[in-house]
Amino acid sequence: MSPLVKFFVVFLLSFPVLAQSYQFKLEGSFSAQRDTDLPVTVNYTIDWNETSSTIQGVYRDNFYAQKGPQVVSGTVTTNGRSFNTILTEEMEGVKSIVINMQGAGIISGTVPLTLKAQDNLGTVIELANNPGIMTATDRGSPQTGNCVIGFGALTGYCGLYSGNFNEVSDNANRCDISSSGQARIELATNTEFNLYSNYINSINNDYTTIGIFLPSPQSNNVSITGRECGSIPGTTFITGNCKTLNLSGVFYDQASNITFTGTLNMNDEVTGETCTYSLALTREVVY
């Protein structure tokens with residue numbers, strides 16, 4: 001492949017990420033010390049969306065992230081925010097960048113930060129307490145809607161999906177989410193996929209979160225994996241045993257209907273008990 005072709009391939013692959021609109025931006029810099037070289041000034045930016053408790057976005061800098069934007073995840077608490085970036089390739093002994101920010105809510109201006117550049121064992125290679133600058137970008141913009149920012153190819157697909165939950169296997173008779181006819185899969189506005197085993201007109205709304213997707217997915221195909229160590233409504237898996245949940249499939253935009261076809265699998269990590277459902281669903285409630 002010629003250098004010119006390689007350039008256009010990289011450009012096209014990266015464009016959906018770079019073009020995505022995010023709610024917030026953080027900009028800052030720190031000095032990377034090296035034994036044999038002069039210190040390197042690392043300039044970084046983080047663009048992200050957040051819910052009341054989670055962060056998803058992209059991290060960029062001019063040194064550790066030379067391969068392009070890196071996925072950043074994190075948490076939101078009443079005390080502040082935490083950002084965690086695991087680099088796709090180790091650079092100068094650094095595998096992850098962890099930034100802790102003081103202060104929650106919408107902030108515009110200088111914010112105190114603690115930044116750690118760590119190796120693959122979590123040993124701190126660089127430590128900086130330089131402040132950063134946070135700005136709110138698309139927060140509250142009326143044209144963004146409830147299912148746009150961070151949704152990429154899944155933009156506009158949020159809602160409640162009902163239809164055929166067909167039990168394919170259940171090796172220990174642990175699952176019964178199809179008998180009532182009230183099972184639902186939800187794509188929520190906070191990027192979560194949720195399983196409702198018995199959804200009855202917003203009255204009985206016990207649900208299990210299957211997982212969340214990375215920012216700006218580039219296709220309608222999904223493969224979401226999560227973990228639940230409590231009880232799962234509609235099943236008799238042992239409470240306390242952690243269960244792995246996986247939802248995989250594809251969304252179709254068919255005229256006025258959005259449909260989802262795929263597979264839901266639940267597996268007890270301790271006993272190996274598992275059940276699998278095939279899904280053929282249509283969106284019945286639009287968010």
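- Using a 4.5 Å cut-off between side-chain heavy atoms of Ile, Leu, Val, Met, Phe, Trp and Tyr, with links allowed through other members, I125 and M91 fall into the same hydrophobic cluster.
- Counting heavy atoms from C-beta on, the side chains of N100 and L113 never come closer than 4.5 Å.
- Side-chain contact between I46 and V58: absent, with no pair of heavy atoms (C-beta onward) separated by less than 4.5 Å.
- Inter-residue side-chain proximity for R227 and E269 is flagged as met; some heavy-atom pair is nearer than 4.5 Å.
- Considering OG1 of T75 and CZ of R81, their distance stands at 10.5 Å, rounded to 0.5 Å.
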**Prompt:** Can you check side-chain contact (heavy atoms from CB on, under 4.5 Å) on E126 and Y64, steps first, answer last?
**Reply:** CA-CA 12 Å; E126 310 284 355; Y64 292 116; 3.6 Å; yes
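- Put simply, the side chain of K243 gets close to the backbone of I238: a donor and an acceptor are under 3.5 Å apart.
- A distance-only check finds no donor-acceptor pair linking the side chain of R60 to the backbone of T45 [under 3.5 Å].
- Summarising the geometry, atom CG belonging to L247 is positioned 10.0 Å from atom CG belonging to L187; distances are rounded to the nearest 0.5 Å.
- Both L26 and V76 are members of a single hydrophobic cluster when ILVMFWY side chains are connected at heavy-atom separations under 4.5 Å.
- Grouping the Ile, Leu, Val, Met, Phe, Trp and Tyr side chains by contacts below 4.5 angstrom, directly or via other members, places I133 apart from M101.
- The structure places CD1 of I107 at 10.0 Å from CD of Q102, a figure rounded to the nearest 0.5 Å.
- For Y44, there are no ring pair (Phe, Tyr, Trp, His ring centres under 6.0 Å) partners, not counting sequence neighbours.
- Checking each of T276, T274, T235 against M266 for a side-chain contact (heavy atoms from CB on, under 4.5 Å) leaves exactly one that passes, namely T235.
- Although no hydrogens or angles enter the test, the distance criterion places no donor-acceptor pair under 3.5 Å between the side chain of D61 and the main chain of N43.
- With Q70 contributing its side chain and G68 its backbone, the two residues share a donor-acceptor pair below 3.5 Å.
- When all heavy atoms of L154 and C147 are compared, the closest pair comes out as O-SG, 4.0 Å.
- In this structure, K95 contributes its side chain and L87 its backbone to a donor-acceptor pair below 3.5 Å.
- With hydrogens and angles left out, the side-chain atoms of N129 and T114 include a donor and acceptor closer than 3.5 Å.
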**Message:** Could you go through Q118 and S96, starting from their C-alpha distance and side-chain angles, then the distance that decides it, and tell me whether this counts as side-chain contact (heavy atoms from CB on, under 4.5 Å)?
**Reply:** CA-CA 5 Å; Q118 303 176 156; S96 65; 3.3 Å; yes
**Request:** Given side-chain contact (heavy atoms from CB on, under 4.5 Å), test V42 with N62 step by step and report yes or no.
**Result:** CA-CA 6 Å; V42 180; N62 61 315; 3.9 Å; yes
Sequence neighbours excluded and cut-off under 3.5 Å, please list the side-chain donor-acceptor pairs for residues 157-165, or say none.
residue	atom	partner	partner atom	Å
Y157	OH	N220	ND2	3.4
Y161	OH	Y157	O	2.6
S162	OG	E284	OE1	3.2

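- Here ring pair (Phe, Tyr, Trp, His ring centres under 6.0 Å) pairs that include residues 209-230, with residues two or more places apart or in two chains, are F151-F213.
- Inter-residue side-chain proximity for T225 and T244 is flagged as met; some heavy-atom pair is nearer than 4.5 Å.
- V111 and V98 are members of different hydrophobic clusters when ILVMFWY side chains are connected at heavy-atom separations under 4.5 Å.
- Under 3.5 Å, the side chains of Y277 and E167 contain a donor-acceptor pair of N or O atoms.
- The distance between the ring centers of Y59 and W48 does not fall below 6.0 angstrom.
- A chain of hydrophobic side-chain contacts below 4.5 Å, direct or via other Ile, Leu, Val, Met, Phe, Trp or Tyr residues, connects I97 to V40.
- Of the possible donor and acceptor atoms, none in the side chain of N198 sits under 3.5 Å from a partner among the backbone N and O of Q182.
- Taking 4.5 Å as the limit, every side-chain heavy atom of I212 sits out of range of all side-chain heavy atoms of F193.
- Note that OG1 of T191 is 8.5 Å distant from CG of N49, once rounded to the nearest 0.5 Å.
- The heavy-atom pair separating I177 from A183 by the smallest distance is O-CB, 3.2 Å.
- Using modelled atom types and a 3.5 Å distance limit, the side chains of N265 and N246 yield no donor-acceptor pair.
- I185 is listed as a side-chain neighbour of L279, based on a closest heavy-atom distance under 4.5 Å.
- When only modelled atom types and interatomic distance are considered, S73 and Q56 share no side-chain donor-acceptor pair under 3.5 Å.
- When all heavy atoms of R184 and Y199 are compared, the closest pair comes out as CG-CB, 3.6 Å.
- Nearest heavy atom pair, residue N130 against residue F30, reads ND2-CA, 3.5 Å.
- Side-chain N/O atoms of T209 and N194 include a donor and acceptor closer than 3.5 Å.
- The number of heavy atoms from other shown groups lying within 6.0 Å of CD1 (I86) does not exceed 12.
- In this structure, the side chain of T77 engages the main chain of N79 through a donor-acceptor pair within 3.5 Å.
- A donor-acceptor contact shorter than 3.5 Å links the side chain of S197 to the backbone of P233.
- Between T259 and R283, the closest side-chain pair of non-hydrogen atoms is not below 4.5 Å.
- Residues I232 and T239 fail the side-chain proximity criterion, which asks for heavy atoms closer than 4.5 Å.
- For OH of Y207, the number of neighbouring non-hydrogen atoms (other residues, nucleotides, ligands) closer than 6.0 Å is 12 at most.
- A pairwise comparison of heavy atoms in S29 and T41 identifies CB-CG2, 4.4 Å as the closest pair.
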**Request:** Please test L264 against I210 for side-chain contact (heavy atoms from CB on, under 4.5 Å), starting from the C-alpha separation and ending with a verdict.
**Result:** CA-CA 9 Å; L264 173 66; I210 300 170; 4.1 Å; yes
